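All remarks here apply to the structure that follows.
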Amino acid sequence: MLDPSKIRKTLDDTAAQLTKRGFKLDVAQVQDLEARRKQAQVAAQELQQERNKRSKSIGQAKGRGEDIAPLLAEVGALGEKLGEAEAELAAIQQALNDILLGIPNIPHASVPEGMDEAANEEVRRWGEPAEFDFEPRDHVDLGESLNAMGFDTAAKIAGKRFVTLHGDIARLHRALIQFMLDLHGGEHGYSETYVPYLVNPASLRGTGQLPKFAEDLFHIQEQDLYLIPTAEVPVTNIFRDRILAAEDLPQRYCCHTPCFRSEAGSYGKDTRGMFRQHQFEKVELVQIVHPGESYEALEALTGHAEEVLRRLELPYRVVTLCGGDLGFSAAKTYDIEVWLPGQDNYREISSCSNFEDFQARRMSARWRNPESGKPELVHTVNGSGLAVGRTLIAVMENYQKADGSIRIPEALQGYLGGQSYIGNGTG
RNA sequence: GGAGAGGUGUCCGAGUGGUUGAAGGAGCACGCCUGGAAAGCGUGUAUGGGCUAACCGCCCAUCGAGGGUUCGAAUCCCUCCCUCUCCGCCA
């Protein structure tokens, strides 16, 4: 959420900044509601003040043993008028709040102009895509020939966009999780965390998935709980309604969870394989930082995610998302894209974002600034480090051999009892 | 799941309808005292919002959440959430 008083004071400027991401703010509507809010709020508060004064004097009269009947008569229809004024104010505030909750974050000045991914800017590239002296296969072919991936089986058990993994591929999948957690926890200074996979609506409102993006989530009606679409939701909400001491910043968490997404808006997109699934594993990096340090934190966090790919020796590039491609809550996002020989393309494997105070305001996550002595909003930064399913795909496709076997990256061999190949081949 | 107890400010804790935004204590900040410190004494110390160009100031809201009763609710009633104790069940 943007700062309501700032929107009020710099409405036109705010609207102009939002056009960078293709969002049209209805300035006239906000102005109208705001004017009505002001009028209604002043009216309601004056009536409340009147009520408070009279009630107090009734109490005082009663304390002195006087007859309060005439005072009660005087109050008359005040209560009714007050009720009406409060109801009117509540309705206006509700309407205003609905609009406010639906306004996306303002893109940072360094975010490139543009409306779709074609306008994203590549900032760096690492590694060279390997040359194969045979036609490289994609992970679906590889997985099925190894009898290690079951798309049909998963469809039978659950439905489309699920997978079963077996044997060494399942072990490799698990090893990737361990490897990532050890790297971020052990070397990058993140504290490993375990969280609920079901969350309440307030948590999703805090990070920005609700109220606008309910159709992307799996919802459990009976208890009104949602399956998490990313660990970002439960981890960031650890700090909802909290005030941290200055010395508690920054907070850095790494967290492995499954993620659940309905993929409602992506029918027919990436339907082959396990690139886009309803359920996937991810190791998430989350930082709660001093507002002056969030952009340094974003650079550092992106570097931490990249380090996973460097250790696995997987070629990748980093792009800055343009305004139109930016997620709802983000002020700036770097996508990390890994090379996939099966698609002959770089594909997203991590998304690292600075949300500035957008999420913090929604969830009232604050720190006490010693300079002012007052609670002020923190900044939140997070990113995937990395999406595990996609990393598995990348390892399989980049490390495949002509006979369909897969070499295991050196960084992972220790997690697999020293094993160096998966499959029938010896290399 | 059954029975009971409870959720108050940074923390502990009083308050069961009326000058209570909230006693008292702890903590913290500043001042006095001291050679310095401790102790002692004094003062201050919630959050959100509105009016205002802004400061000062004034006002409104908030005692788990949401409704209700009342001129007036932290206090009474209802619903929900959470915590604790005992019993049952259980990975």
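It should be emphasised that the depicted structure is a prediction, and the values quoted were computed from it without experimental measurement. In what follows, chains are A, B, ... by sequence order, proteins preceding strands, each numbered from 1.
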Q: Select base, sugar-phosphate, or nothing to describe what A/Gln48 touches, counting heavy atoms under 4.0 Å on all strands.
A: sugar-phosphate
Q) On a whole-Å scale, what distance lies between the P atoms belonging to B/U75 and B/U16? A) 12 Å
Q. Does A/Arg8 put a side-chain nitrogen or oxygen below 4.0 Å from OP1 or OP2 of B/G50?
A. yes
**Q.** Exam field: side chain A/Asn398 to backbone A/Ala394, donor-acceptor pair closer than 3.5 Å
**A.** yes
(Q) Suppose we call two aromatic rings close when their centres sit under 6.0 Å apart. Are A/Phe358 and A/Phe328 close by that rule? (A) yes
**Q.** Nucleotide nearest A/Pro375 when distance is taken to its side chain, options B/G21, B/A61, B/U47
**A.** B/U47
Q) A/Glu50 or A/Ser5: which one's nearest nucleotide on RNA chain B is closer to the 5' end? A) A/Ser5
Q. Backbone N or O of A/Ser191 within a donor-acceptor pair of the A/Thr193 side chain at under 3.5 Å?
A. yes
**Q.** Atom P, compared across B/G44 and B/A22: separation rounded to whole Å
**A.** 13 Å
Q) Nearest-Å distance, CG (A/Leu100) to P (B/G48)? A) 17 Å
Q. Which whole number of Å gives the distance between the P atom of B/G25 and that of B/U45?
A. 15 Å
Q) With distance as the sole test, does A/His184 use its side chain to make a donor-acceptor pair with the main-chain N or O of A/Leu285 at under 3.5 Å? A) no
Q | Spacing of A/Ile243 atom CD1 relative to B/U47 atom P, expressed in whole Å | A | 7 Å
(Q) Going by purine N1 to pyrimidine N3 plus the second Watson-Crick contact, or the G-U wobble pair, all under 3.5 Å, which nucleotide sits opposite B/G4? (A) B/C84
Q: Write down the partner of B/C51 under the Watson-Crick or G-U wobble criteria, each distance required to be under 3.5 Å.
A: B/G57
Q.
Under 3.5 Å for both donor-acceptor distances, Watson-Crick or wobble: does B/G72 have a partner, and if so which one?
A. none
Q | Donor/acceptor link under 3.5 angstrom from A/Lys56 side chain onto base of B/G18 | A | no
Q | Rounded interatomic separation in angstrom, taking CG from A/Asn200 and P from B/C80 | A | 18 Å
Q.
Whole angstroms only, please: what is the CG-P distance between A/Leu82 and B/U69?
A. 13 Å
Q | Complement of B/C32, any strand, by Watson-Crick or G-U distances under 3.5 angstrom | A | B/G40
Q) Within the structure, does a side-chain N or O atom of A/Lys38 lie under 4.0 Å from either OP1 or OP2 of B/U52? A) yes
Q | Side-chain donor-acceptor pair present, A/Ser351, A/Asp335, cut-off under 3.5 Å | A | yes
Q: Using atom CD of A/Glu86 as one end and atom P of B/G66 as the other, report the distance to the nearest whole Å.
A: 14 Å
Q) How far does the C1' atom of B/U8 sit from the matching atom of B/A73, given to the nearest Å? A) 14 Å
Q. Counting just side-chain N and O atoms, does A/Arg37 come under 4.0 Å of either OP1 or OP2 of B/C51?
A. yes
Q) Does a nitrogen or oxygen in the side chain of A/Arg368 sit under 4.0 Å from OP1 or OP2 of B/U47? A) yes
Q | A/Thr14 backbone acceptor or donor facing A/Gln17 side chain under 3.5 Å | A | no
Q | P gap between B/G17 and B/C76, integer Å | A | 8 Å
Q) When you compare B/U69 with B/A14, how far apart are their P atoms, in angstrom units rounded to a whole number? A) 32 Å
(Q) Can you check the distance between B/G42 and B/G24, where both ends of the measurement are the P atom (answer in whole Å)? (A) 12 Å
Q) B/G49 C1' sits how many Å from A/Gln45 CD, rounded? A) 7 Å
Q: With a 3.5 angstrom cut-off on both distances, give the Watson-Crick or G-U wobble partner of B/G27, or none if there isn't one.
A: B/U45
(Q) Between B/G6 and B/A91, how far apart are the two C1' atoms, rounded to whole Å? (A) 30 Å
Q: Look at the side-chain N and O atoms of A/Arg51 and state whether any lies under 4.0 Å from the OP1 or OP2 oxygen of B/A61.
A: yes
Q: Would you please test A/Glu187 and A/Arg311 for salt bridge (Lys or Arg N to Asp or Glu O under 4.0 Å) and show each step?
A: CA-CA 13 Å; A/Glu187 298 184 38; A/Arg311 300 267 178 120; 2.7 Å; yes
Q) In terms of side-chain heavy atoms of A/Ser55, which of B/U47, B/A61, B/G72 is nearest? A) B/G72
Q: Hunt down the Watson-Crick or G-U wobble partner of B/C63, both distances under 3.5 Å, from any strand shown, or write none.
A: none
Q | 5'-most by nearest nucleotide on RNA chain B - A/Gln41 or A/Ile58 | A | A/Gln41
Q | Nearest-nucleotide pick for A/Val75, side chain only, options being B/G48, B/C60, B/C71 | A | B/C71
Q.
Any strand counts, and the cut-off is 3.5 Å on both contacts for Watson-Crick or G-U wobble. Which nucleotide pairs with B/U19?
A. none
Q: Could you tell me the separation between the CE atom of A/Met363 and the P atom of B/G48, rounded to a whole number of Å?
A: 17 Å
Q.
How many whole angstroms separate atom CD of A/Glu80 from atom C1' of B/U70?
A. 15 Å
Q: Considering just the side-chain nitrogens and oxygens of A/Lys374, establish if one lies under 4.0 Å of OP1 or OP2 belonging to B/U47.
A: yes
Q. Quick one: does A/Lys332's side chain have a donor or acceptor within less than 3.5 Å of a partner on A/Asn354's backbone?
A. no
Q. Which part of the nucleic acid, if any, lies within contact of A/Arg64, taking any heavy atom under 4.0 Å across all strands shown: a base, the sugar-phosphate backbone alone, or nothing?
A. nothing
Q. Is any side-chain N or O of A/Asn52 closer than 4.0 Å to OP1 or OP2 of B/C60?
A. yes
